[in-house]
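When a ligand or atom number is given, it counts from 1 through the structure's own listing order. Every heavy atom of this structure was used, including side-chain atoms; hydrogens, water molecules and symmetry mates were not. Quick caveat, the model's predicted, so the values are computed rather than measured.
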Amino acid sequence: MVHLTANIKTVEKYLEARSWLETGEKVTAIEVPGDGNMNFTLRVKTNRRSFIIKQSRDYVEKYPQVEAPITRSLREAKFYELVSGYSSLKKQMPNLLKIDNQNYVLYLEDLGNATDYTFLYKNGQVLNEDELFKIISFAADLHTNLTRENSEINLPNRKMRELNHKHIFIYPFLEENGLDLDAVLPGLQSIAAPYKNNDDLKGKIEKLGERYLQDGNSLLHGDYFPGSWIKTKGGIKIIDPEFCFFGEPEFEIGVTIAHLKMANQPEEIVSKAFRYYTEKALLNKELCQQFTAIEIFRRILGLAQLPLAINLQKRKDLLTQSFEILSTADY
Ligand SMILES: Nc1ncnc2c1ncn2[C@@H]1O[C@H](COP(=O)(O)OP(=O)(O)OP(=O)(O)O)[C@@H](O)[C@H]1O
Ligand SMILES: [Mg+2]
């Protein structure tokens with residue numbers, strides 16, 4: 001196994017060994033292309049061009065003590081492969097140019113110095129309708145075109161789903177999960193306490209978690225939130241489908257809506273997201289709202305914290321609404 005490091009010579013040697021450089025091509029610089037936690041991602045500049053390489057390891061890059069499935073980059077590659085048959089979807093993602101199955105490395109087209117949409121969490125940032133339309137349409141087109149009915153392919157991505165399942169449905173509700181919520185925002189710990197002690201709520205969450213783990217009919221990106229949407233000169237691009245699987249679209253859209261809410265987007269943006277989606281595809285709104293609720297819980301109380309700007313009261317309100325939705329869910 002080659003373990004890539006942020007060292008020009010190591011990277012050049014690796015690329016040469018794979019014949020991923022042209023004759024006479026030299027690596028001139030390497031840089032971190034943007035925020036990422038899970039994988040080792042690097043922008044490689046040569047005397048001719050630039051591209052991105054992304055290696056998955058058997059741990060989380062930012063938290064090496066946390067195990068993660070090493071094969072995840074190959075699942076990500078599979079998503080690119082499936083989407084490549086649909087030109088309108090394909091052109092909204094970078095091209096996947098090469099795959100190294102032995103070392104779990106992807107070689108991707110460089111989208112340039114682009115930012116992701118996590119700036120939306122900042123105060124006063126509002127998604128424009130055209131951007132929202134593109135984001136929602138990509139999901140709707142993905143869910144309606146890439147179905148198991150239409151193809152023989154399966155992509156369970158079981159291990160990644162199990163990892164995500166723990167972070168969404170289990171850890172946030174553990175009394176002791178190693179996270180000091182008051183260090184995130186003073187007062188958050190005491191707001192969390194009643195939810196962690198509510199067995200009825202936990203029962204509902206367990207059922208919803210089982211639903212996430214079941215296979216469904218549509219290919220989902222699996223991590224469809226502002227960190228996976230990139231603002232480039234050529235418009236919005238979608239990256240990082242390492243959590244992809246065939247599941248229920250309500251999970252995907254539920255997650256997206258949760259992030260619009262945590263980014264404090266106007267109510268109109270949220271209702272337009274629903275409208276744009278349902279103009280193209282079917283959606284069980286109740287189930288979708290339940291997934292929104294659980295995503296809000298896990299992002300406000302769980303380990304995968306976001307750079308949220310909303311204050312304690314707003315977080316409390318979102319949790320109250322989410323609790324209402326989950327506790328009245330009809331299981
Ligand atoms: N093809 C690309 N072109 C330009 N920049 C990219 C490209 N792919 C990734 N990046 C940048 O690198 C960052 C990390 O990439 P990516 O999200 O794929 O990695 P990750 O380790 O899976 O991250 P996360 O922990 O958020 O899941 C992105 O936020 C983006 O800024
Ligand atoms: Mg990722």
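Atoms of ligand 1 found under 4.0 Å from any heavy atom of Lys54 (numbered from 1 in listed order, with element): 16 (P), 18 (O), 19 (O), 20 (P), 22 (O). Proximity to Gly36 (heavy-atom distance under 4.0 Å) selects the following atoms of ligand 1: 23 (O), 25 (O). Heavy-atom contacts of Asp110 reach the following atoms of ligand 1: 3 (N), 4 (C) (cutoff under 4.0 Å). Taking every heavy atom of Asp35 and a limit of under 4.0 angstrom, the matching atoms of ligand 1 come to 13 (C), 14 (C), 28 (C), 29 (O). Residue Arg43 has at least one heavy-atom neighbour below 4.0 Å for each of these atoms of ligand 1: 4 (C), 5 (N). Taking every heavy atom of Ile239 and a limit of under 4.0 angstrom, the matching atoms of ligand 1 come to 9 (C), 17 (O), 18 (O), 28 (C).
Within the cation-pi definition used here (under 6.0 Å to the ring centroid, within 45° of the axis), Arg72 does not qualify as a partner of Phe243. In this structure, Arg43 forms no cation-pi arrangement with Phe51, as its terminal cationic atom is not both closer than 6.0 Å to the ring centre and no more than 45° off the ring axis.
Taking the centre of each ring, Phe173 and Tyr195 stay at or above the 6.0 Å mark. Taking the six-membered ring wherever Trp is involved, the centroid distance between the rings of Tyr277 and His143 falls below 6.0 Å.
Residue Lys62 does not touch ligand 1, judged by heavy-atom distances below 4.0 Å. Contacts of Glu242 with ligand 1, taken as heavy-atom pairs under 4.0 Å, involve the side chain alone.
A salt bridge links Glu76 with Lys54: at least one charged nitrogen is closer than 4.0 Å to a carboxylate oxygen. We find that Asp215 and Arg158 are joined by a salt bridge, their nearest charged nitrogen and carboxylate oxygen being less than 4.0 Å apart. Classification of Lys26 and Glu16 as a salt-bridged pair holds, one side-chain N sitting under 4.0 Å from a carboxylate O.
Using a 4.5 Å cut-off between side-chain heavy atoms of Ile, Leu, Val, Met, Phe, Trp and Tyr, with links allowed through other members, Tyr171 and Phe251 fall into the same hydrophobic cluster.
Ligand 1 is never approached by Lys237 to a heavy-atom distance shorter than 4.0 Å.
Considering backbone and side-chain atoms together, Leu111 places an N or O closer than 3.5 Å to an N or O of ligand 1. Looking at ligand 1, you'll find an N or O of Met38 within less than 3.5 Å of one of its N or O atoms. For a threshold of 3.5 Å applied to N or O pairs, the pair formed by Asp223 and ligand 1 contains no separation below that value. Considering backbone and side-chain atoms together, Glu76 places no N or O closer than 3.5 Å to any N or O of ligand 1.
Summarising the contacts of atom 7 (C) of ligand 1 with Leu106, Ile52, Leu42, the nearest heavy atom is found in Ile52.
The shortest contact between atom 31 (O) of ligand 1 and any protein heavy atom is with Gly34 CA, 3.4 Å. The protein heavy atom nearest to atom 12 (O) of ligand 1 is Pro33 CG, 3.4 Å. The protein heavy atom nearest to atom 25 (O) of ligand 1 is Asn37 N, 2.6 Å. For atom 27 (O) of ligand 1, the nearest non-hydrogen atom of the protein is Asp240 OD2, 2.8 Å. Counting only heavy atoms of the protein, atom 20 (P) of ligand 1 lies nearest to Asn39 ND2, 3.6 Å. Here the protein heavy atom with the shortest distance to atom 1 (N) of ligand 1 is Glu109 O, 2.8 Å.
Its N, O or S atom nearest to the Mg ion (ligand 2) is what matters here, and for Glu242 that atom is OE2.
One finds the CD atom of Glu210 at 7.0 Å from the NZ atom of Lys207 (value rounded to the nearest 0.5 Å).
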Walk me through it: do Thr41 and Asn39 pass the test side-chain hydrogen bond (donor to acceptor under 3.5 Å, both in side chains)? CA-CA 6 Å; Thr41 310; Asn39 305 287; 5.5 Å; no
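Distances from the Mg ion (ligand 2) show that Asp240 has an N/O/S atom below 2.8 Å.
Ring geometry for Tyr212 versus His165: interplanar angle under 30°, hence parallel rather than tilted (30 to 60°). Taking the six-membered ring for Trp and thresholds of 30 and 60 degrees, Phe119 and Tyr117 have ring planes inclined between 30 and 60 degrees apart.
Here the side chain of Thr28 pairs a donor or acceptor atom with the backbone of Lys45 at under 3.5 angstrom.
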